[in-house]
Structures are given as structure tokens and as C-alpha cells.
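Per chain, numbering begins at 1; letters A, B, ... match sequence-line order.
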Amino acid sequence: MADITKSYEPHDVEKKWYASWVGGGAFAGRVAHDREPYSIVIPPPNVTGVLTMGHVLNNTLQDVLIRRARLEGKSALWVPGTDHAGIATQTVVERELRKGKQTRHDLGRDPFIAKVWDWRHEKGGIILEQLRRLGASCDWDRTQFTMDPDYSRRVLEVFTELFRRGHIYRGKRLVNWCPASLTALSDEEVIMKPANSVLYEVRYEQVDSPGEYITVKTTRPETIPGDVAIAVHPGDPRYTALIGKLVRRPLGPLASIPIIADAAVDPAFGSGALKITPAHDKADFEIGQRHGLEAIDVLNPDGTLNAHAGPALAGLDRFEGRKKAASLLRESGALTGEEAYANNVGYSERADVPIEPRLTWQWWLRYPKVEEAKAAVRDGHIRFHPERWSKVYLHWLENIQDWCISRQLWWGHRIPVWYRKGIDRETLTEADLRDPEKVHVSLDGPTDPENWMQEDDVLDTWASSWLWPFATLGWPDKEAEQRAGFDYFYPTSTLVTGPDIIFFWVARMIMAGLEFVRPGEPIERRIPFKDVYFTGIIRDAQGRKMSKSLGNSPDPLDLIAKYGADGLRFGIVSIAPQGQDIRFQEDRIESGKNFCNKLWNACRFRQMSGPTGDNSSPEAILARLEPAQFDADDHAILDRLLVTTREVDRCFAQFEFSAAVQALYGFFWNDFCDWYVEVSKAKLQEESTKMNCLAIQDLVLRQTLLLLHPFIPFITEELWNLLGYSRDGAFIQDTRIDNASSIAGAHAMRGLVIDLEAAAAIARIKDSVSRARALKADYNLASRRDVRFFVITVDRDWTLIEANLAKIARMMGAAELVRREQVEGAPAAVTALGTFHLDLAATVDPVAERQRLAKELAALDKHIAGTQSRLANEAFVSKAPPAVLEGARQQLAEQQAKKDELERLLKAL
RNA sequence: GGACCUUUAGCUCAGUUGGUUAGAGCGUUUCCUUGACAUGGAAAAGGUCACUGGUUCGAGUCCAGUAAGGUCCACCA
């Protein structure tokens, strides 16, 4: 077996093992009916995207779950893939075209789409390659893309089916329009931003009473040409007399518009009168509908004003038009005031420009299975972690609105609807839509395509990714399902994602699963996943979101180069507590790397300490143990190993990944390396204890590697092989990890029962060692090993010291420990095993020593006073549980004994 | 306007059902290259747990309120 080098060099190790794993089919998700299935579908990243820190966290956690499942003997499947990301990808390619002074319209639809595919072939797959570098153990043979032919077919099949079931309709409604991307957006794609606007006060002259006016306040004077009424509250006494009267539109084409009454108007806002522009405001649109008013659209799709705005404004951009409208109103005297006004404006999430409410024909979905989707989470069929997100989810479902699923883009799934040539799409009714003579809806299109025109719009990207958990498993094609193991792997086990896409993706997947999968079967067979783990959002050191434009996001590949994939994984998991946002600090990644190096060197120490025995199975290692040689340290470390194993088990059950990593870190670094390995150095000197000690190290290292493997797969695989834990060259993942109770069971079979009393004695030894070291440090003796300690102690403690003499002396840095009845004038430390004196009587400064002891005494006095007052409290004594009471009494006794000893030492000085 | 989260050491954060002297990593100070590791070891300094009240024998932990910061939803022109 190769020697373990002095420091861990991740690069070659990662490359080597990743190739071996892939070559060995280690990531293949196989149907195995004698095993429990465990499956995850990746949240598909944008096909042309690159890896961000968010992806690193998200995918590391998925990999942790998948690798742990393999160790637990489950048949694990992690399905990878990418998303076509309609708007984002199309925008990127259009930007490229613009560099050559072209638009997509210059190319035409099909050549443009071909161009996007070229782009996808060039850039797509980068992110998947990056995931491999991170160590993601996806079943790459199953990689899917939402625009793959098979997947696309499933998307369109769902559309036609939902249409058939009456969930899909076409409607002319006010939608969120992005003037930059020239498409409709769903409500979820609009984000509200605070804006500094101007509130203009505009008066409208009454037709019948020239010189008399009604005044409104508006932030959008450029839409006045689209005004069709002024609305007031029906109960507003100021305006009762005016209801039904006409006023003149003060801007744009001349018109008289009525004053109407509608309860939606807030009499307390502004003047209490509201201008009604149904084409450009949602509330106005609804009022317009109620009153049968026309909607006049004064904007072009790109946000410039059109002919309806009148010649003075036509052609201007909406923001220019606003200024121009204000100045025109000012000139005509209709503008009677302006004031600064802070309001919120909706922005397109992707293009980052203000959206326009715009009246257009769109395809809408009435969500299916809304009630059942609520029940799935409320009744615990699907469990959210942290649980509180379920409230957000339920609230959204309570107030759910129909989903605008059509997009005026070219890159996406073109809606499988054909209109008979000659049909006027503007006047199509709901009944026409269902008339096969007029409209054709099918997967493959009409048999006489020459007589039909296909719908131009494509589907919202989320209207393809909401099928991800079952469409990636072959649904609904029976043969494909068979190949993919649909029956075995669905529902998937855990979804790992960010809470920012609860509405976009999580909720919609749940509804899709319930609607389409295994109709008629119980809910737990139809849900897409059983657990949803929501990660936090990674922020920079200042707490800002990481973003490309801020340039505050480190490149994960740089971090991998610097700290290794395992270091990055360990670091990112350790700073990601459940459900909280994460402030990224690179030093945590560095400490991940340091931990790997520590692990590496502890294994190196094991290798250098003696021959590797038979390590190929836990039984073989257990057979090398010599229970008769066990000392307190052996009991203690095995106890800590069991406790840690139990804790990691618990963490996995409760999705507490960072707690698992911290438990492993503390156990391995403090309990094993800082203590057990150090005491081993004394044990390994003795032939009688050497072999047993090596076997214990093997037991601990083997189990630790298994526990750590999901988090840091590369280094653990390497060490697993270097130390001979691998059986016949099998991967570490092929080993079944044991839980704490089965380990304890295996111990018991060997006649080994952990002596908890012995293990507890280690705590007292540690206390003595630590205090003795501090005493040495106080006297600047840390480096010297030739110090002699005199110990004043009782027989019982001296027995313990003698039994562990070599180790204790080594740990203290003592040349010798000598029991004395009495010591004069030497610096002393009162410890759990007696009073330890430094053999330095000649050089001690009594004044400094007295100060040192007095300080300790003062601190102790405070604690004694606290304990005493608790015990003096009648209520405490009568009501506290006996164990707590007993603990306090014992504590007081110990404190008192220590105090007596300190006082004796002081007197002796 | 509604909902949720956060507030603990200089910094970033743990602290599970209330119970000894509140922990970790980083940073700081002192000492140490002794054959696993200086990517390391030993020791130390550093906290009235945001504030106010309540429940309790006992509160960082439970309850109510206040303040500051943050997130999401809705949005009155």
C-alpha cells in the first residue's frame, strides 16, 4: 500500500476517483427491489448558466443525501439536467445578435431558434461539468434537458390534456408586459421596487359647466389619452352631484368622458376622484369592465406611445412621454400641482425594467388540484424543512390566481394550437376555441397543415419544469417509465431547493404531480417528493445577495482550485445552518481544507504507527481488539465514537447538515486527534498495548471515514483505500454504514462493553492535564518536558494517575509525576486529581504566586456563593428534581474542597 | 397593510425538550518546529445572551410588548 504523503493534495485525487466512480458505474440509479429506493431530481440550472455559490450549497447537500443513502444500503438515484430558461437564454442570444446589428426578426423564427441551439451546444453543459468537479454523483446517463424531444413531447402532452380537461383557456386580459423582452410575464416574475415618482394634479373641465373642473391625482399623465372616465366613490358627498356628467379629456385626442361612481375608489386618497385608464391599470381595467367602458391602449409593445396618444406624444418613450405630457398639461393650465411621491413600481425580474399592464390575448391556466396541494403539505404527506415555509406555501395557494402560461418568445415549447386560416384571432370566443373546425389542439398538429396557422407563442419555462419529477422518469410513456424505473423511484425522496422558488416551482410541481401521476391512487403515491429542504440564500460578507452585476460572487472553481472540492464542500455545509441565510466567508472554506489535511495526517499517523492488520471488515478489526488491554482512554474514545455516530444519525433524520459536520469536526479534531492520538503515542511505546491501540484507531478511522464520506467524498475514498478498509477494491459507498446501536451490538458480541465510568475518568484526567499545562504556561515552560510535578492527592486518585502515568506525564509535558505528602512554596494548580506542584521552589516569586491563587479563589468564591444561595432557597430545594438538587450539592462540595485547598496553599506561602 | 425571520465574544454563527461556571471557527496575545499535521500544538484574554415586563424554585431558551435590521406577500391611482 502506498505511503501517505505529508500533506493532502486534492487535485489528482479528485480527478482519479471521479473517473473511477463514473467508470465503475457508481452513480447509476438501478431498480433493486430488495433495496429501499432513494431518489432526488436536481433543480435544473439554466442550460447556459455557470456554477454559483448557491449551486454549490444546493448541490453539495443533494450529493450528501444521495451518498449517505448509498451508505445506508439504499438504491440511490440523482437525476441531473438543465432548463432551457426561455427569456434568459433568448435574451443572451439576442444580445449576441445585436453586436452584429441584427435582431431575431432579421433572422426569422426557425433560423433564430437554430442559433439558440448552436449557443446551447456551445455553452450548455458547462455547468454540468462544473458539478462533476464538485463531486456531484448524478446518474449522468440520465441527463435531460427541458427542450429534449422526449421531454418536449411530455410538456405539450400536458398542455393538450389540460386543455381537454378545461383547465386552459385563452383570454384577453391585462397582463404584466415586459417592454424590453416584449412578452407577457406571470405575476411571480414581477418584483416591486420602491420608486421616487411625481404625483401630478390634473383638472378635467366639465362639458356642461365651462370653467368648472374635477381634479384627479396621477403618476402617469402620459396615459391620459387613454382615459375613458373619471370615477368617484358613490358615497362621496363632494361628487354626488357630478355623477353622470361629462368632462373633457385634457390631453390627446379630444373626447368627452363620463364621471362614474364605483366603490373601488378610495375617497381619502388624493382628491377622491380617479382617472380611469382600463388599458394601463389593473384596478381601472376592473372598473372599466363593470361599467362597460372601452379600453384605449396608448402604448406600443416596446413601451413607446402610439397614435392613440395623439401626435404630440406618439413615438416617444413612455418616460419621455410622461415629461412631455406634464409640460403640455402645464401649458394648457390643466396641471394644477405636482408633488414628490414615493410609490412602488413593478419591474420585470429578468430585464430589470418597469413592466406595463397591457391588454393582450394570452393563454391561461386554472391551476388543478389546488385544494389537494394544500392538503398534501398541511397533512404532512410532504414535509417542509424548515417547517415554517409551509405557511408561505399555503398562503400563496389560498390566494392563487390563474397562471399566464404563454410567452411571446421563440425559444421554448411552441403552444400546440393551430388556428384555421382566415380566422380572426382577436374575436375568437371560448366556444370557438372548443370548435375543432376553427381551432385544432393536438400534439402532432392537423393532418392538413396547409390550412392552419400555428400559435406563435411558447410556454412559460416553468410550464415545462413543473413536470420535472415525473417527466424525467419517463412519464407518461410506459416503455420509457419501465426503462427509467418510474414505478420504483416515484415519488422522489427529497427536493433540495431555495425558498425563492416555492411558487415558481415547488408548489406547481406538487399540483402537477397530483393531477397527472397515478390518477385515482392515494395522495402519497401521487406527490412528487416527500421532503423538501429549503436552503438559505448565500450572501456576501456585507450581507448583500450575490450577483453577477455586483461582482461579489466568488467563482466556485477558483475555490476548488484553492481548497479542494472536499474543502469547499465541508466549508459550505458547515456554515449553512438550517433555513438561515448564509454570510459567505472564505476563511470557513479554508478551515474545510484544513480539516481535510487534519484527517489526512491522522490517517498518516495511523499508517506510520504500525502495520495495517486485517482492516477489510469491521469484524476483522474487532477481532484484533484485546478487551483485556482496554484502558480508560479506549473506553472513552469508543464511547465518543458511538455518541457521534448517534448524533450524525439524528442530524440526517432532521436535515441538520451543519450540525452533523460540526459534530464530526469536534469529535475528530478534539477527541480523537488532540487527545486519543496524543495518548496513543505513549500506548504505542508499549508492546502490550500497541496492537490494541492500533485496532482502536482503525475502528475509529474506519467509522469516521464512513460518516464523513457524504460530505467529503474524494479524500475519504482515497484514505479508505490507503488504509486497507476497502474489500476487494470496492468503493467506500459499497460499504454499509452501521448505526450506533448496531455498532454497540457488534462490540457486545466480542464481549466488549464500554465502561462509562472509565470513560468518565478521562474527564478528570483532562482537567488535570489542562490545569497543569496552564500552570506551566504561566511559568513560560511550555516547551520543556523535563519538569517534575509533585502531586498531593488521595489514594483513589493516585491509583488512577498511576494507571495512566505515562500518558498523563506525556500530555502534561512532565518528566516525572511524584506523589508527595506535602510541598513547600512551589507553584500549584488545584485539579480534579489533586494538587499539582511545579518543582520550581527555588525560582518561585511568592508575591506573584499569591496573586495567581487569590484570583482563582475570588472566581471560585463567586460560584460558591451562587450555588449556596440556590441551595438556601426553600423553593428550589422542595421543587427542583432530585437529580438537579443532587448535582448542585455535589458541585458545592467540590467547589468547597477546592476552595479549602486553595486557602491552604495561600497560607503555606 | 399582512406574514415570517434575525438580534449571543472584535467578526461570522451554534446553543436540540428551561437545570453546574453560555460554546465553535476566524481574529487577538503568549509560548512551542518533540518523527501525523505550522493547513499544526499548548495556554490566555474577550459575553449584564438587543431592551422592558411576565411565567417559573430556576429563563439565552417559554409568553407578552418595545426597538433595530432583513425577507416574502398585497398594494391607493
Side-chain angles (χ1 to χ4, degrees), chain A residues 4 6-8 192 199 216-220 231 264-266 268-271 273-277 281-284 341 343-344 346 386 388-389 391-392 395-396 399 499-500 502-503 537 541 543 563 567 571 574-575 577 579-585 587-588 590-591 593-609 647 650-651 654 656 658-659 662 665-666 670 673-674 677-678 681 769-770 773-778 780-785 810-811 813 859-860 862-863 866-867 870 873-881 883-885 887-888 890-892 894-895:
Chain A
I4 298 178
K6 189 169 162 124
S7 69
Y8 175 54
M192 303 305 288
L199 194 56
V216 304
K217 290 196 176 183
T218 180
T219 55
R220 302 209 56 190
V265 179
D266 177 4
F269 186 91
S271 63
L274 173 65
K275 78 186 200 64
I276 302 300
T277 323
D281 184 278
K282 212 172 167 187
D284 290 8
Y341 185 64
N343 63 343
N344 291 317
R388 64 186 155 85
W389 290 114
K391 205 167 170 177
V392 175
H395 181 256
W396 184 74
N399 300 287
D500 49 331
I502 288 184
F503 314 140
I537 298 191
Y563 305 110
S574 74
I575 58 176
Q580 292 301 331
D581 283 0
I582 297 132
R583 217 166 271 223
F584 180 75
Q585 283 197 309
D587 58 22
R588 299 301 291 264
E590 189 178 1
S591 95
K593 177 196 176 188
N594 294 349
F595 180 79
C596 290
N597 193 58
K598 191 76 177 173
L599 178 65
W600 185 260
N601 274 286
C603 291
R604 181 165 183 256
F605 175 76
R606 163 64 192 92
Q607 193 185 52
M608 291 165 73
S609 298
E647 171 66 3
R650 185 195 67 79
C651 288
Q654 298 176 10
E656 291 181 21
S658 69
Q662 279 158 22
Y665 185 101
N670 305 126
C673 292
D674 290 346
V677 166
E678 291 305 320
K681 288 172 184 172
V769 166
S770 170
R773 282 168 172 175
L775 184 63
K776 283 183 68 186
D778 275 346
N780 287 332
L781 296 172
S783 68
R784 293 166 53 179
R785 281 249 174 109
R810 189 187 174 93
M811 296 303 277
L860 190 59
K862 248 168 62 181
H863 295 141
T867 315
R870 276 205 303 158
N873 184 343
E874 182 60 36
F876 174 70
V877 176
S878 61
K879 291 190 179 174
V884 173
L885 194 57
Q890 202 177 325
Q891 183 196 339
L892 183 62
E894 281 164 17
Q895 287 168 338

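- Taking atom CE on A/Met608 and atom P on B/C37, their separation rounds to 6 Å, with Å as the unit.
- Annotation: B/A59 and B/A22 have their C1' atoms spaced 13 Å apart (nearest Å).
- Nucleotides B/A36 and B/G47, compared at atom P, are 38 Å apart to the nearest Å.
- The interatomic distance linking A/Trp600 (CH2) with B/A38 (C1') rounds to 19 Å, in whole Å.
- In this structure, the CZ atom of A/Arg583 is 11 Å from the P atom of B/U71, given to the nearest Å.
- Every residue two or more places apart in sequence or in another chain that forms a side-chain hydrogen bond (donor to acceptor under 3.5 Å, both in side chains) with A/Asn343 is listed here: A/Ser197.
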Checklist entry - What string of B, S and - do you get for nucleotides 5-10 of chain B, 5' to 3', when a contact is any protein heavy atom under 4.0 Å? => result SS----
Next on the checklist: Each nucleotide in nucleotides 15-28 of chain B should get exactly one letter: B, S or -. Can you fill that in based on protein heavy atoms under 4.0 Å?
Outcome noted: -B--BBB---SS--
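- Secondary structure note: stems in RNA chain B built from 3 or more consecutive Watson-Crick or G-U wobble pairs under 3.5 Å occupy B:1-7 with B:67-73, B:10-13 with B:23-26, B:28-32 with B:40-44, B:50-54 with B:62-66.
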All N/O pairs under 3.5 Å across the protein-nucleotides 75-77 of chain B interface:
unit_1	atom_1	unit_2	atom_2	d
B/C75	N3	A/Asn344	ND2	3.2
B/C76	O2	A/Asp266	OD2	2.5
B/C76	N3	A/Asp266	OD2	3.1
B/A77	OP2	A/Tyr341	OH	2.7
B/A77	O3'	A/Thr219	N	3.3
B/A77	O3'	A/Thr219	OG1	2.9
B/A77	N6	A/Asp266	O	2.7
B/A77	N6	A/Phe269	O	3.2
B/A77	N1	A/Asp266	N	3.4

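- Under 4.0 angstrom from either OP1 or OP2 of B/C4 there lies at least one side-chain N or O belonging to A/Lys391.
- Taking atom P in both B/U12 and B/C62, one finds a spacing of 23 Å when rounded to whole Å.
- Every residue meeting the ring pair (Phe, Tyr, Trp, His ring centres under 6.0 Å) condition with A/Tyr665, not counting sequence neighbours, appears here in chain and number order: A/Phe595, A/Trp669.
- Regarding contacts with the backbone of B/A36, every side-chain N or O of A/Ser609 stays at 4.0 angstrom or more from both OP1 and OP2.
- Distance CH2 (A/Trp396) to P (B/C73): 11 Å, rounded to an integer number of Å.
- Here B/G41 presents its P atom at 17 Å from NZ of A/Lys776, a figure rounded to the nearest Å.
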